[in-house]
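Take a look at the structure below.
Note that the structure is a prediction, hence the values are computed from the model and not measured.
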Amino acid sequence: MNVKVRLFLILLAAGLTGVISFLLVDLEALLAMQPLPAGTDMPMSIPMLKLLSLIQPAVLVAVAAVIGVGLASRVGLRSPVAEAVASRRDVPLAIKSQLVPGIIGGLAGGVSIVLISAILKPFLTAEIFARLGEWGNILPLPVRLLYGGITEEVLLRWGMMTLLVWAAWRLFQKGQDRPRPVIVVAAILLSSLTFALGHMPIAFLLFPEPTLPLILFVIFGNSTFGLIAGWLYWKKGLESAMIAHMIAHVVMFAASYLGAYF
């Protein structure tokens with residue numbers, strides 16, 4: 001088995017841990033937040049619905065893993081820890097290179113999101129707070145850490161951002177030299193916006209008629225962190241973005257527990 005195949009399998013397995021963690025979500029409580037019309041029965045059991053809900057993200061993780069393995073090294077993007085494991089190099093050294101920037105980025109990202117929520121909090125109703133509290137109970141911390149911290153980074157940084165950088169590099173530089181910073185920055189912006197918009201379906205599920213402050217929080221809060229994670233992936237490596245994503249969720253969870261966040 002060559003190094004690239006091992007790298008694909010490592011990142012696929014990492015991404016799938018977050019997908020599988022969705023089995024911990026209280027799906028019954030989630031469905032209760034948007035009940036079916038009167039007289040309509042559930043098309044299948046809750047366990048079967050949970051299993052089927054894993055198929056699409058699992059496929060997307062596999063596609064993202066393939067894209068990153070095939071294109072990341074061409075445009076100077078890396079997954080240092082996974083690459084070290086795949087090539088059987090110095091794994092502890094690779095981990096060490098990701099820890100400090102990941103922790104700093106995660107603290108900065110988590111605090112930024114909490115501050116944005118504090119600014120918008122006066123414009124939100126008690127009903128919104130109650131719903132967001134319910135959502136926090138439905139989505140346990142392990143899911144936030146594994147799906148958000150690992151799976152979303154494989155999808156949005158390793159897969160999407162890599163593809164955007166590579167496509168722009170081929171289009172505007174004809175695949176010559178390293179991608180210019182403006183190309184990478186544009187890819188970071190686009191992937192960050194996609195990351196933010198990817199949270200809108202949940203907002204519409206929780207609030208069929210979301211208010212402007214809530215929409216602004218979803219977009220600005222998530223895109224702000226997306227910028228940090230994108231920069232970390234570019235300058236340090238994929239795992240630093242994963243660590244930052246996990247730390248940001250821990251900060252938000254702690255702030256929520258202390259009443260300083262939704």
Side-chain angles (χ1 to χ4, degrees), residues 10-25 54 57-58 60-61 64-65 68 77-85 91-117 132 135-162 188 191-192 194-196 198-199 202 218 221-258 260-262:
I10 290 165
L11 289 164
L12 175 64
L16 290 180
T17 59
V19 174
I20 294 170
S21 76
F22 251 91
L23 294 173
L24 300 174
V25 173
L54 304 183
L60 291 175
V61 164
L77 297 172
R78 299 186 57 211
S79 178
V81 177
E83 289 169 12
V85 174
V91 176
L93 182 63
I95 294 173
K96 184 178 178 182
S97 72
Q98 302 298 290
L99 276 176
V100 173
I103 291 170
I104 294 173
L107 292 173
V111 170
S112 296
I113 295 171
V114 172
L115 289 176
I116 291 171
S117 76
L132 289 172
W135 173 244
N137 293 330
I138 290 169
L139 198 67
L141 184 60
V143 179
R144 303 183 204 187
L145 297 179
L146 294 174
Y147 190 87
I150 300 177
T151 304
E152 286 185 348
E153 291 306 316
V154 171
L155 291 171
L156 290 158
R157 250 57 70 178
W158 186 248
M160 175 175 286
M161 182 176 150
T162 298
I188 291 172
S191 59
S192 298
T194 301
F195 176 63
H199 289 76
I202 294 296
V218 172
N222 287 292
S223 60
T224 296
F225 177 76
L227 295 176
I228 293 172
W231 185 88
L232 285 170
Y233 175 40
W234 176 27
K235 293 295 186 178
K236 302 297 180 180
L238 179 65
E239 288 82 9
S240 66
M242 290 179 174
I243 293 168
H245 206 142
M246 292 182 183
I247 296 292
H249 274 294
V250 171
V251 171
M252 290 185 287
F253 183 82
S256 179
Y257 183 79
L258 296 172
Y261 183 62
F262 296 138

With sequence neighbours left out, write down each residue that passes ring-ring contact (aromatic ring centres under 6.0 Å, His included) with Phe195, or none if nothing qualifies. His199, His245

Got a list of side-chain donor-acceptor pairs under 3.5 Å for residues 93-110, not counting sequence neighbours?
unit_1, atom_1, unit_2, atom_2, d
Ser97, OG, Ala94, O, 2.6
Gln98, OE1, Ser240, N, 2.8
Gln98, NE2, Lys236, O, 3.1

Taking all atoms of both residues into account, what is the closest heavy-atom pair of Leu24 and Pro142, and its distance? CD1-CB, 4.1 Å

Are any side-chain N or O atoms of Ser21 and backbone N or O atoms of Gly18, one a donor and one an acceptor, separated by less than 3.5 Å? yes

Run the side-chain contact (heavy atoms from CB on, under 4.5 Å) test on Leu23 and Leu54 for me, step by step, so that the C-alpha distance in whole Å, both residues' side-chain angles and the decisive distance to 0.1 Å come before the verdict. CA-CA 8 Å; Leu23 294 173; Leu54 304 183; 3.9 Å; yes

State which residues pass side-chain contact (heavy atoms from CB on, under 4.5 Å) with Met160; sequence neighbours excluded, sorted by chain then number. Leu156, Leu164, Ser191, Thr194

Before giving the answer on side-chain contact (heavy atoms from CB on, under 4.5 Å), spell out for Leu77 and Leu238 the whole-Å C-alpha distance, their side-chain angles and the decisive distance to 0.1 Å. CA-CA 8 Å; Leu77 297 172; Leu238 179 65; over 6 Å; no

For Leu16 and Val61 the tightest heavy-atom approach is N-CG1, 4.2 Å

Can Trp234 and Met161 be said to form a side-chain contact (heavy atoms from CB on, under 4.5 Å), step by step? CA-CA 9 Å; Trp234 176 27; Met161 182 176 150; 4.2 Å; yes

Partner residues of Ser192 under the side chain to side chain donor-acceptor pair (under 3.5 Å) criterion, sequence neighbours left out: none

According to the ring-ring contact (aromatic ring centres under 6.0 Å, His included) rule, which pairs have a member within residues 139-162, sequence neighbours left out? Phe22-Tyr147

Value rounded to 0.5 Å, distance of OG in Ser223 from CD1 in Ile116: 7.0 Å

What pair of heavy atoms forms the shortest contact from Met246 to Gly149, and how long is it? CG-CA, 3.8 Å

By salt bridge (charged side-chain N to carboxylate O under 4.0 Å, His left out), which residues pair with Glu239, not counting sequence neighbours? none

For Ser112, give me all partners under side-chain contact (heavy atoms from CB on, under 4.5 Å), at least two apart in sequence or on another chain. Thr224

Got a second to check how far Asn222's CG is from Ile113's CD1, nearest 0.5 Å? 6.0 Å

Could you state the interatomic distance from CZ (Arg144) to CG (Leu139), rounded to the nearest 0.5 Å? 5.5 Å

Backbone N/O of Ser79 and side chain of Glu83: donor-acceptor pair under 3.5 Å: yes

Apply side-chain contact (heavy atoms from CB on, under 4.5 Å) to Ile10 and list each qualifying residue two or more places apart in sequence or on a separate chain. Ala82, Val85, Ala86

So, using side-chain contact (heavy atoms from CB on, under 4.5 Å) as the criterion, who are the partners of Ala244 when residues are at least two apart? Phe225, Leu232

The test is side-chain contact (heavy atoms from CB on, under 4.5 Å); show your working for Thr162 and Tyr233 and say whether it passes. CA-CA 10 Å; Thr162 298; Tyr233 175 40; 2.6 Å; yes

